[in-house]
Amino acid sequence: QHHTAIDWAAVHSSAEIMLTAMLSLKLLCTVSVVLGAAGGTIPAETETTNIVLAGAYGNLAGKYLWKALFSLHLENELGANAPLKFYAAGRADHEHGWPKVKKFLDDRVTCGPEHPSSCSQKSIDSFKNLVEYKQLKTTDHYAAFCSDLSSSPEAGRMFYLSVPPSSYADMAQTIKSVCTPVASAAWLRVAFEKPFGSDLESAQALAAELGQHLTEEQIYRVDHYLGKRGVKQILEFRQANPGFEKIFHQANVEMVEIVMTETESCEGRTSFYDEYGVIRDVHQNHLTEILALLGLELSDRDANESPAQTLQRKAQFLSTIGDAGLADTVIGQYEGYQQHVRDDRQDQTYESHTPTFAVSALYANTTRWAGVPFVILAGKQLEERKAYVRVKFNDHAGVHPDHTPKWEDTDEDNMNHVVFHIQGGTPSRGPAVYIGEHVAQRLQGGVQMPQGWTSLPRSDVPELSTKFSTLLLPAQERTPDLPYDRLISAMFHGRQDDFVGTTGLLESWRIWNKVLAEITDLPDLSPGKYPAGQNMLQLTARHHPAYIAKARGEL
């Protein structure tokens with residue numbers, strides 16, 4: 001047999017060429033796959049995320065949003081370092097709009113204690129260099145702007161609409177028609193600020209209009225309370241403490257309070273507030289979102305659950321809540337509100353029946369929560385600024401699974417309480433979880449601390465009741481709570497469960513629609529008056545049904 005001579009030099013040369021090509025291809029793939037926004041296609045290194053802030057020189061933008069976008073820039077520098085571009089958009093032309101935005105950037109964008117130690121003047125300058133002003137007033141403006149964006153590779157587009165809700169439907173239609181990314185892999189996310197309607201009917205209409213132009217995955221409704229550290233701690237604590245879940249139900253829980261009180265009045269700002277009142281302003285959104293986080297059923301696979309699934313479970317729980325009505329609600333108005341409205345309206349004969357305080361008892365028709373009142377309380381011009389959730393366990397929480405008593409009954413309420421402190425209080429504290437001594441004893445396996453949390457000895461907090469055995473802190477106490485920073489980051493990463501879904505929104509309006517209609521339909525109904533600085537928590541004993549009855553008697 002004849003064997004063809006092998007040219008080993010040629011083979012080696014070909015192998016080197018193939019190896020070089022393979023390594024180059026591997027390197028190219030490695031370079032192309034960079035960390036991108038979760039929920040979207042992983043972008044190539046050259047793909048830019050374009051972030052558009054509409055209403056760029058408005059009050060909310062100046063106070064919170066530009067600082068939040070700077071925080072996103074810093075987060076990106078420390079992480080993926082993916083290309084970002086920021087656009088300040090307004091109806092004014094460049095000559096009149098850009099100076100206002102530039103002033104916000106110069107005055108508000110600074111390195112603070114909430115930022116990483118790497119934050120520097122260089123970081124500030126690099127962020128400012130990424131900001132460009134665009135006049136977006138007409139459809140042609142949007143079309144030309146978005147055509148320019150499409151000329152370069154994109155990872156996705158974020159539109160944050162810090163504009164009046166009356167503009168939402170038109171802007172959604174414009175964004176859909178001329179600003180949807182051309183690249184099929186690029187994502188689109190659009191943020192909307194509350195209010196999302198003024199009753200169930202208007203909320204349904206707005207949701208339908210947005211749904212004509214944007215998919216549910218593209219809609220990010222902002223409730224800034226969902227970005228507060230003290231609100232986020234609720235689900236984190238529940239997920240980390242299966243022992244708590246085992247006693248967190250109607251056999252053990254006497255009642256749940258969800259409270260938000262404010263010291264400020266509405267002076268000079270009644271034009272908005274008098275149309276909405278405390279129930280629309282606070283109960284229907286902030287406090288109902290907290291209610292959903294408390295009441296939803298945890299999944300056995302929370303770590304792998306999608307944002308859409310979490311939103312669905314929140315909506316499912318809210319669907320079990322009965323309608324709030326005047327029979328289970330007390331409304332009040334602080335003394336002096338009437339004069340504030342008259343001064344703002346320049347009409348000294350005007351009579352306002354808008355409530356500035358309300359407390360309601362809600363009930364869920366579920367096995368877990370049957371018969372347990374969720375007491376929702378909020379108001380203006382009260383004694384103290386604070387927000388918290390208090391879970392009051394009854395005596396049965398102290399019984400072993402074999403039904404033998406673990407401790408005797410006691411009048412020391414705090415021993416049977418778990419408090420999720422959200423903000424404020426005296427002295428003012430940051431987010432924390434206070435666990436009563438009896439509850440801590442009851443938890444199988446003890447109190448579990450979520451990752452990144454710290455525990456503070458009771459001796460370090462002398463102002464707290466000695467009946468709280470454990471104090472958990474989800475964040476450094478002195479770090480400012482910056483909800484918009486968290487929400488802008490969550491939007492960038494596609495974490496839609498930090499926002500308000502359509503189904504949950506409509507359920508929340510359904511819950512409060514009846515009592516709002518009852519108040520409107522009774523023109524002679526006058527909220528009870530209370531003096532500025534009133535301690536409503538003293539008016540309302542923490543034992544239902546006397547809670548509501550006592551408030552009604554005092555007002």
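What's counted below: heavy atoms across the whole structure, side chains too, no hydrogens, waters or symmetry copies. Residues: numbered from 1 along the sequence shown.
- Ring centroids of F420 and F237 are separated by less than 6.0 Å, placing the two rings close together.
- The side chain to side chain donor-acceptor pair (under 3.5 Å) analysis of residues 507-518, with sequence neighbours excluded, yields the pairs Q284-S508, T288-W512, D323-R510, E507-R510.
- The cationic group of K194 does not satisfy the cation-pi geometry with F196, failing either the under 6.0 Å distance to the six-membered ring centre or the 45° limit from the ring axis.
- You'll find the ring centres of H224 and H286 inside the 6.0 Å limit.
- With a 6.0 Å radius and a threshold of 12 heavy atoms from other residues, nucleotides or ligands, F244 has its CZ atom above the threshold.
- Other residues, nucleotides and ligands place more than 12 heavy atoms under 6.0 Å from the CD atom of Q212.
- Proximity of a side-chain donor or acceptor of R368 to a complementary backbone N or O of F248 within less than 3.5 Å is detected.
- Panel note: side chain T320, backbone Q316; no donor-acceptor pair is recorded below 3.5 Å.
- Below 30°, between 30° and 60°, or above 60°: for Y276 and F272 the angle between ring planes is below 30°, a parallel geometry.
- Legend: salt bridge (charged side-chain N to carboxylate O under 4.0 Å, His left out) pairs involving residues 335-344, not counting sequence neighbours, sorted by first then second residue: R342-E351.
- Pairing each heavy atom of G504 with each of L318, the nearest pair is O-CD1, 3.8 Å.
- A cation-pi arrangement, defined by a distance under 6.0 Å to the six-membered ring centre and an angle within 45 degrees of its axis, is absent between R221 and F192.
- The two atoms that bring A324 and L362 nearest to each other are CB-CD2, 3.6 Å, heavy atoms only.
- Between Y220 and F499, the two ring planes are perpendicular [angle over 60°; tilted spans 30° to 60°].
- E236 has a carboxylate O that lies under 4.0 Å from a charged side-chain N of R229, or vice versa, which qualifies the two as a salt bridge.
- Salt-bridge formation is not detected for the pair R189/E217: no Lys NZ or Arg NE/NH1/NH2 atom is positioned less than 4.0 Å from an Asp or Glu carboxylate oxygen.
- A distance of 14.5 Å separates CD1 of I435 from CZ of R442, quoted to the nearest 0.5 Å.
- A salt bridge between R385 and E262 is absent, with no side-chain N of the basic residue lying under 4.0 Å from a carboxylate O of the acidic one.
- Applying the salt bridge (charged side-chain N to carboxylate O under 4.0 Å, His left out) rule to K232 yields the partners D498; only residues at least two apart in sequence or on another chain are considered.
- Between F357 and Y334, the gap from one ring centroid to the other reaches at least 6.0 Å.
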For residues 160-171, run the donor-acceptor check on the side chains, cut-off 3.5 Å, and write out each pair with its distance to 0.1 Å, sequence neighbours left out.
| unit_1 | atom_1 | unit_2 | atom_2 | d |
| --- | --- | --- | --- | --- |
| Y160 | OH | E193 | OE2 | 2.5 |
| Y168 | OH | E193 | N | 2.9 |
| Y168 | OH | E193 | O | 2.4 |

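- Residues meeting the salt bridge (charged side-chain N to carboxylate O under 4.0 Å, His left out) test with R269, sequence neighbours left out: E264.
- In terms of heavy-atom proximity, N416 sits nearest to N394 at ND2-O, 4.3 Å.
- Checking side-chain atoms of T520 against main-chain N and O of L516 turns up a donor-acceptor pair under 3.5 Å.
- Considering only residues two or more places apart in sequence or on other chains, K246 meets the side chain to side chain donor-acceptor pair (under 3.5 Å) condition with Q444.
- Between W369 and F374, the ring planes are perpendicular. Angles over 60° get that label, and only those under 30° would be called parallel.
- Using a cut-off of 4.0 Å between Lys/Arg side-chain N and Asp/Glu carboxylate O, R313 and D497 are scored as not salt-bridged.
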